[in-house]
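Residue numbers count from 1 along this sequence.
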Amino acid sequence: MGKIASALTIAGTDPTGGAGIQADLKTFQELEVFGMSVQTSAVAQNTQGVKAVHNLPIDFIEQQLKVVIEDINPNAIKTGMISTIEMMELIATYVAKFDTPYVIDPVMVATSGDALMDESSRKVIRDVLVPKATVVTPNIPEAEILVDFSIKDLDAMKRAAKVIVDELGATAAVVKGGHLEGKAIDVFYDGSFHLLEADRFETKHTHGTGCTFSAAITAELAKGNTILEAVQLGKTFITDAIRYPLNIGKGNGPTNHWGYRLQRLPNQGGK
């Protein structure tokens, strides 16, 4: 076996396993990448919502980052939930030290609608972290916060993706269209536009979709794929994760992290 690629997730937790660090590590494993994690916050959440958030001390977060960088240099990094300005500024410093592809899932609002980031923190993620990003993957509500205008259609999604790259400084952006009606179309922009289209599945089991999609992109970047290839493969992975619901949880249930595998088994595809 050749040397395996590694990926680092820096994010909060989900004790029910559908989102956050737990979802990221499952995704890395499914895509044959060695997963590592630095915990920023302990989140008491389930498929019905966020009940409480405990942010870890900044010095302990830094200790976690140090032990990773001293031992195993990741081939790609992603950040999810980063609750405070202190965390963002610390992570910005370490992202520069790693000098590796960096994916931002700008987690600001949970699937349940619970706010996970205050207004001042949103400004810092836009001004400090986004310019360092290889890919930023906002859904429409998150993109509206980043670009400060309403997004109601595909043209506005394109405009938002262009602003995130050309004005905010990211290398590429994927504005996800899951909140609009019709086919599930995401807009990719890195100087050129690409539309990523998939069937829409009528299901409430979408907890952790943003975490899982961005983790899949991170895994594919870690393996050396181009940004567009990583995003296209990530789109396939999250589509299959939604296609085969697990039907667990009393609220917005988790996606199926082995749906990608099911789609590729004999006599399983499409069933």
Side-chain angles (χ1 to χ4, degrees), residues 11 24 27 76-82 88 92 95 100-111 116-117 119 121-200 206 208-221 225-239 241-242:
D24 295 342
T27 302
I77 303 167
K78 70 153 283 189
T79 52
M81 179 181 176
I82 313 171
M88 293 174 195
V95 164
T100 194
Y102 171 39
V103 178
I104 296 179
D105 178 21
V107 179
M108 300 175 183
V109 182
T111 302
L116 298 173
M117 190 180 290
E119 189 172 341
S121 297
R122 291 170 178 175
K123 184 178 187 303
V124 174
I125 199 170
R126 182 178 65 235
D127 297 344
V128 176
L129 288 178
V130 168
K132 299 184 184 321
T134 306
V135 190
V136 185
T137 63
N139 59 29
I140 285 176
E142 291 161 347
E144 287 177 334
I145 292 168
L146 289 173
V147 302
D148 198 26
F149 58 76
S150 178
I151 301 172
K152 301 296 183 187
D153 54 29
L154 189 61
D155 285 342
M157 289 172 65
K158 288 182 175 180
R159 181 183 165 206
K162 196 170 190 302
V163 167
I164 292 168
V165 173
D166 293 350
E167 297 182 24
L168 300 186
T171 302
V174 184
V175 177
K176 299 174 293 189
H179 286 75
L180 299 182
E181 295 182 356
K183 281 187 171 289
I185 300 175
D186 301 334
V187 173
F188 173 86
Y189 179 76
D190 65 349
S192 299
F193 286 107
H194 295 269
L195 300 184
L196 308 172
E197 187 173 321
D199 292 333
R200 184 181 295 274
T206 57
T209 49
C211 305
T212 300
F213 181 40
S214 57
I217 294 170
T218 306
E220 296 301 332
L221 287 173
N225 286 303
T226 67
I227 299 172
L228 179 57
E229 287 170 342
V231 170
Q232 290 171 329
L233 289 163
K235 177 72 170 181
T236 299
F237 186 91
I238 189 58
T239 299
I242 297 169

How long is the span from the [atom1] atom in [X] to the [atom2] atom in [Y], to the nearest 0.5 Å?
X    : Y    : atom1 : atom2 : value
M88  : L129 : CE    : CG    : 6.5 Å
I145 : I140 : CD1   : CD1   : 12.5 Å
D190 : K162 : CG    : NZ    : 12.0 Å
M81  : C211 : CE    : SG    : 10.5 Å
I185 : L196 : CD1   : CG    : 9.5 Å
D148 : R122 : CG    : CZ    : 11.5 Å

Donor-acceptor contact present, side-chain [X] to main-chain [Y], <3.5 Å:
X    : Y    : result
D186 : G177 : yes
T212 : T209 : no
E220 : I217 : no
E144 : I151 : yes

Shortest non-hydrogen contact between [X] and [Y], atoms and distance:
X    : Y    : result
I104 : A133 : CD1-CB, 3.6 Å
T27  : A216 : CG2-N, 3.5 Å
K235 : A198 : CE-CB, 3.7 Å
M157 : K176 : CE-C, 4.0 Å
Y189 : V165 : O-CG2, 3.5 Å
A172 : F188 : CB-CE1, 3.9 Å

Legend entry - Between T218 and Y102: side-chain donor-acceptor atoms closer than 3.5 Å: no

Can you tell if the side chain of [X] reaches within under 4.5 Å of the side chain of [Y], non-hydrogen atoms only?
X    : Y    : result
L221 : I227 : yes
T137 : P106 : yes
V103 : I77  : no
V136 : L168 : no
V187 : L195 : yes

Legend entry - Option from I164, V147, V174 for which side chain to side chain contact (heavy atoms under 4.5 Å, CB included) with P138 holds: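 The side chain to side chain contact (heavy atoms under 4.5 Å, CB included) with P138 is passed solely by I164 among I164, V147, V174.
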
Legend entry - D155/R159 ion pair, N-O < 4.0 Å: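 No.
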
